[in-house]
Amino acid sequence: QVQLVESGGGLVQPGGSLRLSCAASGLTFSNYAMAWFRKAPGKEREVVAVVSGMALSTYSADSVKGRFTISRDNAKNTTYLQMNNLKPEDTAVYYCAADDIYARITIRPQHWGQGTQVTVSS
């Protein structure tokens, strides 16, 4: 079965950086679009960034544009989210998601990871 395992979360000071990783198994990785979502307490889940299967297309939410970068390494079946200049409002549980249809991944992804906590605080 498909498994997505996130790592790299933690506590960081405002202005700091983190890199999240999502290791995928049980699927033909390059056939799948990958996305990062986040869910903060009291807020709706929101899509943060998306990358297509061959990384020809990417999307980033306005709230993270210029600070976060999504990438993937198809040889390692891994997707990354580089987060720079982190702000307290970036505090959330970050989830990795996969779907074999790029247009669908932001609506109802086929597969989800378990999430990793990111806390931005001084």
Side-chain angles (χ1 to χ4, degrees):
Q1 71 277 21
V2 175
Q3 281 194 313
L4 304 176
V5 180
E6 300 98 334
S7 61
L11 173 64
V12 63
Q13 292 186 341
S17 298
L18 281 176
R19 188 176 82 155
L20 304 183
S21 299
C22 173
S25 60
L27 50 71
T28 303
F29 188 66
S30 60
N31 288 349
Y32 281 74
M34 300 297 295
W36 289 95
F37 289 77
R38 66 186 181 186
K39 174 74 169 68
K43 294 186 178 181
E44 296 289 317
R45 184 180 63 200
E46 63 173 337
V47 60
V48 175
V50 181
V51 60
S52 62
M54 297 304 291
L56 298 178
S57 297
T58 60
Y59 163 83
S60 295
D62 287 344
S63 58
V64 305
K65 204 162 290 185
R67 301 188 298 121
F68 292 10
T69 302
I70 189 170
S71 63
R72 63 190 297 155
D73 185 338
N74 286 350
K76 295 183 178 180
N77 284 12
T78 301
T79 298
Y80 305 98
L81 185 68
Q82 178 66 44
M83 306 186 294
N84 298 329
N85 190 20
L86 282 158
K87 303 176 180 180
E89 52 264 42
D90 295 318
T91 295
V93 178
Y94 283 71
Y95 297 90
C96 174
D99 200 302
D100 60 4
I101 298 177
Y102 182 84
R104 185 172 62 192
I105 196 168
T106 61
I107 302 170
R108 192 171 60 193
Q110 290 174 311
H111 309 288
W112 289 95
Q114 82 289 350
T116 186
Q117 176 70 46
V118 171
T119 302
V120 185
S121 175
S122 54

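Bear in mind the structure is a predicted one, so any value in this text is a computation, not a measurement.
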**Request:** For R45 and A40, indicate whether the former's side chain and the latter's backbone hold a donor-acceptor pair under 3.5 Å.
**Result:** no

**Asked** So, is the end of the R38 side chain (NZ or CZ) under 6.0 Å from the ring centre of Y95 and within 45° of the ring's axis?
**Response** no

**Item:** Residues T69, Y80; criterion side-chain contact (heavy atoms from CB on, under 4.5 Å); working and verdict
**Value:** CA-CA 8 Å; T69 302; Y80 305 98; over 6 Å; no

**Asked** Just wondering, do M54 and S30 contact through their side chains at under 4.5 Å, heavy atoms?
**Response** yes

**Message:** Could you tell me if the side chain of T106 sits less than 4.5 Å from the side chain of V50, heavy atoms only?
**Reply:** yes

**With sequence neighbours excluded, residues passing salt bridge (Lys or Arg N to Asp or Glu O under 4.0 Å) with D100** = R104

**Asked** Should Y59 and W36 be counted in the same cluster of Ile, Leu, Val, Met, Phe, Trp and Tyr side chains packed under 4.5 Å apart?
**Response** no

**Prompt:** For the residue pair S21 and T78, what are the closest heavy atoms and their distance?
**Reply:** CB-CG2, 4.2 Å

**Prompt:** Is there side-chain contact between V118 and M83, with heavy atoms separated by less than 4.5 Å?
**Reply:** yes

**Message:** Using the salt bridge (Lys or Arg N to Asp or Glu O under 4.0 Å) criterion, which residues pair with K87? Sequence neighbours excluded.
**Reply:** none

**Prompt:** So, does S63 use its side chain to make a donor-acceptor pair with the main chain of A61 at under 3.5 Å?
**Reply:** no

**Message:** Tell me whether R19 contacts the main-chain N or O of L81 through its side chain, where contact means a donor paired with an acceptor under 3.5 Å.
**Reply:** no

**Request:** State whether the side chain of E6 and the backbone N or O of Q114 hold a donor-acceptor pair below 3.5 Å, judged by distance alone.
**Result:** yes

**Message:** If I take atom CE from residue M34 and atom SG from residue C96, how far apart are they, to the nearest 0.5 angstrom?
**Reply:** 3.5 Å

**Message:** If hydrophobic clusters are built by linking Ile, Leu, Val, Met, Phe, Trp and Tyr wherever their side-chain heavy atoms come under 4.5 Å apart, do I105 and I70 end up in the same one?
**Reply:** no

**Asked** What's the verdict on side-chain contact (heavy atoms from CB on, under 4.5 Å) for C22 and V5, showing C-alpha distance, side-chain angles and the deciding distance?
**Response** CA-CA 5 Å; C22 173; V5 180; over 6 Å; no

**Message:** Using only atom types and a distance under 3.5 Å, with no angle test, would you say the side chain of R67 pairs donor to acceptor with the backbone of Q82?
**Reply:** no

**Message:** Under a 3.5 Å distance rule, please check whether S60 uses its side chain to pair with a backbone N or O of V64 as donor and acceptor.
**Reply:** no

**Message:** Any salt bridge linking D99 with R108? Criterion: basic side-chain nitrogen under 4.0 Å from a carboxylate oxygen.
**Reply:** no

**Request:** Please test N84 against S17 for side chain to side chain donor-acceptor pair (under 3.5 Å), starting from the C-alpha separation and ending with a verdict.
**Result:** CA-CA 4 Å; N84 298 329; S17 298; 3.0 Å; yes

**Prompt:** Atom CG of L27 and atom CD of Q110: how far apart are they, to the nearest 0.5 Å?
**Reply:** 9.5 Å

**Message:** Tell me whether T116 contacts the main-chain N or O of Y94 through its side chain, where contact means a donor paired with an acceptor under 3.5 Å.
**Reply:** no

**Request:** With the side chain counted from C-beta on, respond yes when P14 and P88 share a heavy-atom pair under 4.5 Å apart, and no when they do not.
**Result:** yes

**Request:** Check the hydrophobic clustering (I, L, V, M, F, W, Y; side-chain heavy atoms under 4.5 Å; chains of links allowed) and say if Y32 and W112 are grouped together.
**Result:** no

**Request:** Report yes if the side chains of Q117 and T91 come closer than 4.5 Å at any heavy-atom pair, otherwise no.
**Result:** yes

